[in-house]
*Asks:* 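Okay, here's the structure, questions in a sec.
Here, residue 1 is the first one in the sequence, and each next residue gets the next number.
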Amino acid sequence: MKKPFKLSETERQIMEVLWQLPEPSSLKETLDFLNGRLNKSWKQQTVGTYLSHLEEAGLISVDKRFSRLHLYFPACTREEYMQSYLQKLVETSFDNSIVNLVAAFTGGKKLPEKDAQELRKLI
């Protein structure tokens with residue numbers, strides 16, 4: 001992944017599918033899977049454009065060994081993406097402070113003891 005990249009809803013849906021597929025898939029296979037799973041009627045050009053954006057962002061890789069058949073696969077795991085995205089979010093939106101992030105999630109209220117214990121284990 002080149003840099004933390006905020007996914008649009010459609011890009012997130014495409015990445016979720018690619019993370020679930022057991023092996024690299026062609027544009028047609030990806031399109032068929034997306035249309036079937038999401039009940040969409042996207043065109044090949046639409047999905048191809050999204051895949052190009054995801055490749056430019058470094059989130060997917062493309063095997064171009066075959067002249068007419070490109071195979072797409074994730075360049076990072078879902079967990080790696082989330083970690084990178086959240087680190088950037090904490091840096092830019094919470095003054096690089098986990099405390100500020102947690103305070104935002106709790107609304108400034110005290111954490112339940114069970115959650116506080118889990119956080120202590122991480123520290």
Side-chain angles (χ1 to χ4, degrees):
M1 188 171 8
K2 294 178 184 176
K3 62 179 182 170
F5 180 78
K6 184 178 184 309
L7 296 171
S8 70
E9 181 61 21
T10 301
E11 290 164 335
R12 187 192 61 74
Q13 291 173 327
I14 291 170
M15 286 304 300
E16 289 293 343
V17 164
L18 291 174
W19 282 319
Q20 291 174 13
L21 292 174
E23 56 189 39
S25 63
S26 68
L27 174 57
K28 177 152 180 20
E29 291 168 332
T30 304
L31 174 68
D32 291 346
F33 195 81
L34 284 165
N35 282 340
R37 177 163 244 205
L38 303 175
N39 199 24
K40 301 279 187 182
S41 57
W42 286 335
K43 304 250 185 281
Q44 199 166 356
Q45 184 176 359
T46 302
V47 174
T49 299
Y50 280 113
L51 290 172
S52 292
H53 291 160
L54 292 167
E55 181 186 9
E56 288 171 16
L59 290 171
I60 65 170
S61 295
V62 184
D63 182 345
K64 298 178 181 178
R65 287 183 288 173
F66 309 104
S67 63
R68 297 185 146 218
L69 179 68
H70 295 171
L71 299 174
Y72 299 89
F73 57 97
C76 64
T77 65
R78 185 179 195 285
E79 292 74 22
E80 289 169 335
Y81 168 74
M82 291 303 299
Q83 182 178 17
S84 175
Y85 178 74
L86 287 173
Q87 284 175 341
K88 186 65 174 176
L89 180 69
V90 169
E91 284 176 22
T92 59
S93 300
F94 298 98
D95 297 326
N96 208 23
S97 167
I98 298 295
V99 173
N100 291 345
L101 173 71
V102 172
F105 276 106
T106 64
K109 297 178 184 169
K110 188 174 180 179
L111 280 174
E113 187 56 34
K114 182 181 176 188
D115 291 343
Q117 287 176 359
E118 288 295 317
L119 286 173
R120 282 188 205 100
K121 288 178 188 177
L122 292 173
I123 300 171

*Asks:* Could you walk me through whether Arg37 and Gln13 pass the side chain to side chain contact (heavy atoms under 4.5 Å, CB included) test, one step at a time?
*Replies:* CA-CA 10 Å; Arg37 177 163 244 205; Gln13 291 173 327; over 6 Å; no

*Asks:* Above 12 or not: heavy atoms from other molecules or residues under 6.0 Å from CD of Gln45?
*Replies:* no

*Asks:* Cluster question for you: counting only ILVMFWY and a side-chain heavy-atom cut-off of under 4.5 Å, with indirect links fine, are Val99 and Ile123 together?
*Replies:* no

*Asks:* Does Glu55 pair with Lys64 as a salt bridge, N-O distance under 4.0 Å?
*Replies:* yes

*Asks:* Closer than 3.5 angstrom, by distance alone: can the side chain of Asp63 be matched with the main-chain N or O of Leu71 as a donor-acceptor pair?
*Replies:* no

*Asks:* Would you check if Glu16 and Arg78 make a side-chain contact, meaning some heavy-atom pair closer than 4.5 Å?
*Replies:* yes

*Asks:* Do the rings of His53 and Tyr50 sit parallel, tilted or perpendicular, given the 30° and 60° boundaries?
*Replies:* perpendicular

*Asks:* Would you say that Leu54 contacts Met15 through its side chain, given a criterion of any heavy-atom pair below 4.5 Å between the two side chains?
*Replies:* yes

*Asks:* When clusters are formed by joining ILVMFWY residues with side-chain heavy atoms under 4.5 Å apart, either directly or through shared neighbours, do Phe73 and Phe33 land in the same one?
*Replies:* no

*Asks:* Determine whether Val62 and Leu51 make a side-chain contact, defined as any pair of heavy atoms from C-beta on separated by less than 4.5 Å.
*Replies:* no

*Asks:* Measuring from atom CD of Gln87 to atom CD1 of Ile98, what distance do you get when rounded to the nearest 0.5 angstrom?
*Replies:* 8.5 Å

*Asks:* To the closest 0.5 Å, what do you measure between NE2 (His70) and OG (Ser52)?
*Replies:* 10.0 Å

*Asks:* Does Thr106 use its side chain to pair, donor to acceptor, with the backbone of Ala103 at less than 3.5 Å?
*Replies:* yes

*Asks:* Which atoms form the tightest heavy-atom contact between Asn35 and Ser41, and what is the distance?
*Replies:* OD1-N, 3.6 Å

*Asks:* Ignoring hydrogens and geometry, is there a side-chain-to-backbone donor-acceptor pair from Glu29 to Ser26 under 3.5 Å?
*Replies:* yes

*Asks:* Locate the shortest heavy-atom distance separating Gly58 from Ala75; write the atom from each residue and the value.
*Replies:* O-CB, 3.3 Å

*Asks:* Side chains of Ser8 and Glu11 only: does a donor on one sit below 3.5 Å from an acceptor on the other?
*Replies:* yes

*Asks:* Do side-chain atoms of Ser84 reach the backbone of Glu80 as a donor and acceptor pair under 3.5 angstrom?
*Replies:* no

